[in-house]
Amino acid sequence: QVQLVESGGGLVQAGGSLRLSCAASGRTFSLYVMGWFRQAPGKMREFVAAFSRSGGSTSYADSVKGRFTISRDNTKNTVYLQMNSLKPEDTAVYYCAASPSLWTTVSSIEYAYWGQGTQVTVSS
């Protein structure tokens, strides 16, 4: 079992920045691909970014490339999502997730563990 707790969400104006954190506990953090997903009201949950187990590779949704950066610190069992140049369409609940996959994956069904989510609201 892996427990995930997100923090860092909030209200920000368009063009601003936020950094989300996700603290993991339980089984060895470094054995999991870590990902961020988001879900806006009335929409399906969508992939945002993922970081490989070893830290060697990352994946991003096209909508956030160049604005968001995912990172992880295996010594602190924490994954981060730095979000810059935020837009109103980034408004959503952001979820941290852990996957036992051997490589980064964008599919939510590959992720076995999920946090409770943190709200990000970007005002125009």
Side-chain angles (χ1 to χ4, degrees):
Q1 283 280 23
V2 177
Q3 293 79 43
L4 302 172
V5 179
E6 303 98 334
S7 60
L11 173 64
V12 64
Q13 289 188 332
S17 299
L18 282 175
R19 188 175 84 153
L20 305 183
S21 299
C22 174
S25 60
R27 300 192 65 182
T28 307
F29 179 72
S30 61
L31 293 179
Y32 294 89
V33 169
M34 297 303 297
W36 287 97
F37 289 76
R38 67 186 182 186
Q39 187 167 17
K43 294 188 176 182
M44 299 289 289
R45 187 171 299 186
E46 65 175 0
F47 169 77
V48 176
F51 207 115
S52 65
R53 300 195 299 179
S54 65
S57 67
T58 56
S59 296
Y60 294 94
D62 288 343
S63 59
V64 306
K65 279 182 183 176
R67 300 188 299 122
F68 290 12
T69 302
I70 188 171
S71 61
R72 67 187 291 167
D73 185 340
N74 286 350
T75 66
K76 296 182 179 180
N77 288 1
T78 302
V79 62
Y80 305 96
L81 185 68
Q82 178 66 45
M83 306 185 293
N84 298 329
S85 302
L86 282 161
K87 305 175 181 180
E89 51 263 44
D90 294 318
T91 295
V93 177
Y94 283 71
Y95 297 90
C96 172
S99 170
S101 175
L102 294 177
W103 49 81
T104 56
T105 174
V106 306
S107 173
S108 62
I109 63 174
E110 299 284 347
Y111 289 81
Y113 303 102
W114 294 82
Q116 82 288 351
T118 185
Q119 176 71 47
V120 171
T121 303
V122 184
S123 63
S124 58

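The analysis underlying the following values was restricted to heavy atoms, covering all of them including side chains, and did not include hydrogens, waters or symmetry mates. Just so it is clear, the model here is predicted, and its values are computed rather than measured. Position 1 is the first residue of the sequence; numbering continues from there.
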Hits for side chain to side chain donor-acceptor pair (under 3.5 Å) against K65, two or more places apart or cross-chain, chain-then-number order -> D62
In short, disulfide bond (SG atoms under 2.5 Å apart) pairs touching residues 85-124 with sequence neighbours left out are C22-C96
Shortest non-hydrogen pair, A14 vs P88, comes out as CB-CD, 4.1 Å
Same cluster for V2 and L20 if Ile/Leu/Val/Met/Phe/Trp/Tyr side chains link at under 4.5 Å? yes
**Message:** Using only atom types and a distance under 3.5 Å, with no angle test, would you say the side chain of R53 pairs donor to acceptor with the backbone of L31?
**Reply:** yes
Heavy atoms of M34 and A98 approach each other most closely as SD-CB, 3.7 Å
For residues 75-82, please give each side-chain donor-acceptor pair under 3.5 Å, one per line with the distance, not counting sequence neighbours.
| unit_1 | atom_1 | unit_2 | atom_2 | d |
| --- | --- | --- | --- | --- |
| T75 | OG1 | D73 | OD1 | 2.4 |
| T78 | OG1 | K76 | O | 2.8 |
| Q82 | NE2 | N84 | OD1 | 2.9 |

So CG of L18 and CZ of F68: to nearest 0.5 Å the spacing works out to 9.0 Å
Does some side-chain heavy atom of W114 sit less than 4.5 Å from a side-chain heavy atom of L4? no
Residues at least two apart in sequence or cross-chain that pass side chain to side chain donor-acceptor pair (under 3.5 Å) with E89, listed by chain then number, are none
Residues passing the side-chain contact (heavy atoms from CB on, under 4.5 Å) test with A40, sequence neighbours excluded, are K43, A92
- Message: With heavy-atom distances below 4.5 Å as the criterion, would you say the side chains of E6 and Q116 are in contact?
- Response: yes
Residues 90-100 vs side-chain hydrogen bond (donor to acceptor under 3.5 Å, both in side chains), sequence neighbours excluded, gives R38-D90, R38-Y94, R67-D90
Check your understanding: Between the side chain of S101 and the main-chain N/O of W103, is any donor-acceptor distance below 3.5 Å?
Key -> yes
Distance col, row E46:CD vs Q39:CD, nearest 0.5 angstrom, shows 9.5 Å
If we ignore hydrogens and angles and just use 3.5 Å, is the side chain of R72 paired with the main-chain N or O of F29 as donor and acceptor?
yes
T104 side chain near F51 side chain, heavy-atom distance below 4.5 Å: no
Exercise for the section: Please check if V12 and W36 belong to a single hydrophobic cluster, counting links between Ile, Leu, Val, Met, Phe, Trp and Tyr side chain heavy atoms closer than 4.5 Å. Expected result: yes
For V33 and A50 the tightest heavy-atom approach is CG1-CB, 4.4 Å
Consider only side-chain heavy atoms of I, L, V, M, F, W and Y, link residues closer than 4.5 Å, and tell whether Y60 and M83 are in one cluster. yes
Sequence neighbours excluded, the answer for side chain to side chain donor-acceptor pair (under 3.5 Å) partners of S25 is Q3
Contacts of S123 meeting side chain to side chain donor-acceptor pair (under 3.5 Å) (sequence neighbours excluded), chain-then-number -> none
Quiz item: Between Y32 (side chain) and Y113 (backbone), is there a donor-acceptor pair under 3.5 Å?
Solution: no
Residues passing the ring pair (Phe, Tyr, Trp, His ring centres under 6.0 Å) test with F47, sequence neighbours excluded, are F37
* Quick one: do the T121 and Q119 side chains pair a donor with an acceptor below 3.5 Å? -> yes
So OH of Y111 and CZ of R45: to nearest 0.5 Å the spacing works out to 12.5 Å
